[in-house]
Every structure is written in C-alpha cells, then in structure tokens.
Amino acid sequence: MAQKPRRSQKSYGKLDRDGFIHRSWMKGTGLPDDVFDGRPVIGVCNTWSELVTCQVHLRDLAEHVKRGVWEAGGVPIEFPAMSLPETQMRPTAMLFRNLLAMEVEESIRANPLDGVVLLGGCDKTTPGQLMGAASVDLPAMVVSSGPMLNGRFQGQAIGSGTDVWRFSEAVRAGEMTLADFLRAESGMSRSHGTCNTMGTASTMASLVEALGLSLPHNAALPGVDARRKTLAHLTGRRIVDLVRAEVRLSQILTRQAFENAILTHAAIGGSTNAVVHLLALAGRVGVPLSLEDFDRLGREVPLLVNLMPSGKHLMEEFCYAGGVPAVLKALEGLLRRDALTVVGHTQGEIADRAECYDREVIGTLEQPIGPSSGVWVLRGNLCPDGAILKPSAATPSLLTHRGRAVVFEDIEDYKARIDDPALPVDASSVLVLKGCGPKGYPGMPEVGNMALPRKLLAQGVRDMVRISDARMSGTAYGTVILHVSPEAEAGGPLALVREGDEIAFDGPNRRLDLLVDEAELARRREEWQAARAPSDFTRGWYKLYIDTVLQADKGCDLDFLVGKSSSDVTRESH
Ligand code: FES
C-alpha cells in the first residue's frame, strides 16, 4: 500500500509556484535537489545560547544529531528557540516557560517538518520544549545538555546550587569567610552542562527518560562526555525511524508514562518543580493527572538515589553507577513495564538490560538510600487547592509542627526584615512569605527556601518550617512548604495570615491549617485587597501571563494553551 505523503511534502512536493518558493529558499542554504524527494524532514529545535553554561555546547551536539539524521536518510534542519537561562533571567525563568512553549509549538507547526529533536537542558527549557511539541504532536525525541562535571573546592566535591545555599548560610552564620565564598564560584561550575546536583534540570532530564522520550542514559552522561555526542548521533538516526513508523508524541506520553515519571521522581528525590511541569505537560496531551497522583504513587517508593540535595553524590557518580536505566530496574514491580518508549522497546525491556555498578549511589527497594520520598501533597484551610513538600530534603523532627507565623507580605518585606534583631522570631516560628505565586511575583520564583534569620543561625538553628506560594530550586533543601494554592495574589487563604497566627503542619496526615476561627477569617477577607493594582502590567507578555496563568495545582500553564491543536495548517503563505 502506498504511504501517504509526509507533512513536509505539502510544501516541498508541490510543482507549482508555492513549491518553487518553499524549495528555492531552502536550496539557498546549500541543499541539493534530491533532498526534497519526500524523505523525512527533521527539525532540530535548539535552545543554544551563551547566556548560561547549561546550553552553550548545544550547537556542537546539534551537529551530531544532524549526522545521524543524514545517515538514516532524513534531512535535518536546525532552528532556534529561546534559551531561558535559569541563573540569569529576572524576575524568574519560570515566567517565560510558557512563552518558550508557544514559540516551539508554533515553530514546529508553521514549518514543513515531519519530526523534531528537542535540544535543551536548563530547568525550564525541557518542559517548555516538550509542552510546545506535545501540542503539535509530531514524532519527537529529546537530547538533553547533560550535567556539568562535579564541582570541587578545597578538596571537596561541591554541588551546583545546593552548596550555594549551604555556603551562603555559613557566611551569614560567621562560619565561612566571604573570600572563600567568592573563591568557591569558580570551583562550582567547571564545565559546560547543567547543574550537577539532582536539581530541576537533572530531574527533568531523568523524567524525560522515564517518560520514554529519549535514548537510555540521556539524563546522566556528562555534557562533556563523548558518549553524549554519540547519543545525539543515534537520536538523529532514531527520529527518522519514528517518522517513518508515524509514532507520535502522544503515543509515548500515556498515563503509564506519567506514572513511570512520578515513580522515578520519587526514587531520585527529584525537584519539586517537576510537579508543575508534569502537570502542565499532561494537560497538553490530555492525560488526566492530579497533584494527589504524586503523593499516592510516590508513597510506595523509597529514596533510591544518593544525590544532592537529598543525598551526597553528584551527577557524575549517578552516570557511572548506571543512571536512569538502573533506577528503572531498581523500581522492580512498581515500574509500568509496558510503557512504550521512542527506542522501540518498552520501559520493562530497558530496565531488564540495565546494570547498577555502585549501590552506594543507587539503592534497591530492599536496601534504599532513604525512607519513602516523593512529594507530599498537603490540604487544609491554608491551602484548599494544595501545597507540596519534599520530605527527603526536610528535617524529620519538623514534619509535624505547630508554631506562630512570622509574616512577610512580599519578597521586599522579607529582605528588609529577616535580619532585623527585633524580628519576633524563634526556632519554633513558621516563616510565611506571600506574593510569590504565578500572578503575584509574577512567575512564581524560586524563593520559597527563605534564608533563616541571622540571629537564629548564630544560635545554631539550621532549619525552620517555611510556607509560601513560591517554588524553590531543585537544588535546595529544608522543611519548605511550597506552591500554596490558591496563591495570595489570587485571594487564597495565605493572603489572610497575620503575624502571630498559629499554624499547624501535620505532614504524616498531609494537613496544613491556619488555626484562626472562620468568623475572623471572613472578616479579614472583607478587608483584603490584591497587592498588585490591575494597572501594574498593562501590555506585553507580562499582561498575557498574569491574565491567563493557571495556579500551581494546574501546572501554571496559560489557560488557553491547555490541550493540543494538531499539526495541520491548511492555508499557503502566498
Ligand atoms: Fe541551568 Fe541549573 S542553571 S541547569
């Protein structure tokens, strides 16, 4: 039976004026006549930029993808997408994840592509690219940047982000000199690649593998490792096969795939940011997924990976120990074995072939690295639509706690008062930060792991219960309750908390409550006004984002971007 013409042939296969225009302006890039004969045209969507080390090597990796595409009989065409450098963008890269998703979606749909390889790595690029590609639903694969080499400072391994938080607290507590603090900068980021801890970038790259969207070992091979180039080359070959077999992204991104991602997330002690990203991605492909799925599925899984911030090693050790395939194997009977992957094998088959080479780094269900991990999803009158906490990064003794609120109305208020010697705070207090949700900041920045008051650090306090509508870096740690929904700026109960209110946190029973009676809360609600005037942002991306962004329990997508709209474009450009 004759195969139906590929999508690219609707542009390149025409013998009229339109076909002339589509081909001629591509021949101007140096392509010969015969590449327009109907072979698969593969987009290489590249978030390369010099704005951060995470993606600075992606042009080189793209060349290896292209080799593989040519070799398999396809035509690779590289195109750019915005890079979202996590450590550079203000007020937060998260504000722009959905903008990247829109750019990727429309770039794929508008151009004559049959499949796409997504090249990215920094925290928001992976979910942004995937969300955009999912709403078009062509065959797609991911090649991640790969992590940096381990950091080194004064003879010790140091981890991206995690040791920034630790050193910063040490300086504030008078335990580290400022000169040493500044010297550590050069030792922390020693090569190109993404953060070398199990932060958000490594988490999302690991979940890409667990979702079945990349070749095995995509997450952990260091950015500088030659085998990452090989992986890129083999991905180029494989995407051509996927186009020929017409395997769309939605055939890989099934409910089973998301369950494998959540199980893996728990096993690796993954970043809390993955919760919003997976919810948003599931929304694009129409897979039902809720906050409770993370708690319910993750509850069965102990911590299996000994990496910062939940453990002590870094991504290099994870790679050498066997990486994500070894984790899938360690999940044993929990793994959804039948989930299909872009490799052509099921996840069960990939797990069967995996080996673990270091049980100090990757444990087993019988001998895990730590107790049940995952994400706790809290409910209560302080967070009617949910809040989350990462127990593996928290202090066990604080997982059940009652304390008086010390309230900061926004991040400026927090910065102005946190080190004030007169701040009415002690080790049992609960730090509450408002105005840092999707609409409030805007963009829901990673400020939920508030640094502790200097006077308590001096007393030796190293953790406190902290509550906010913000996110926190995947590299951060502490008893930090995040993503409180609805956020304060949207009128959630968080907005009503006042200095000295008692707050009850009951982690084992997943409760978070403000111990103020209903009549008083109703009175406060009558007085409440949003902190931001509607006139504060009147144009551009900020306005579109604030007007349409969903709350954290829905993944922070824009309301009109949920779902997909196929790859069809019926009208010509001339
Ligand atoms: Fe890009 Fe951490 S800053 S991965």
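Everything quoted here is computed from the prediction, not taken from an experiment. As the structure lists them, so they are numbered: ligands from 1, and atoms in each ligand from 1.
With a 4.5 Å cut-off on side-chain heavy atoms, N218 and V208 count as touching. The closest side-chain heavy-atom distance from V549 to K439 is below 4.5 Å.
Annotation: ring pair (Phe, Tyr, Trp, His ring centres under 6.0 Å) contacts involving residues 188-212, sequence neighbours excluded, comprise H57-H192.
Ligand 1 lies under 4.0 Å from heavy atoms of C54, E86, T87, C122, D123, T194, C195, A201.
No side-chain donor-acceptor contact under 3.5 Å links E209 and H217.
Remark: K66 NZ to I42 CD1 distance equals 13.0 Å, nearest 0.5 Å.
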Intermediate values then yes/no, side-chain contact (heavy atoms from CB on, under 4.5 Å), F318 and V327: CA-CA 10 Å; F318 186 46; V327 175; 3.6 Å; yes
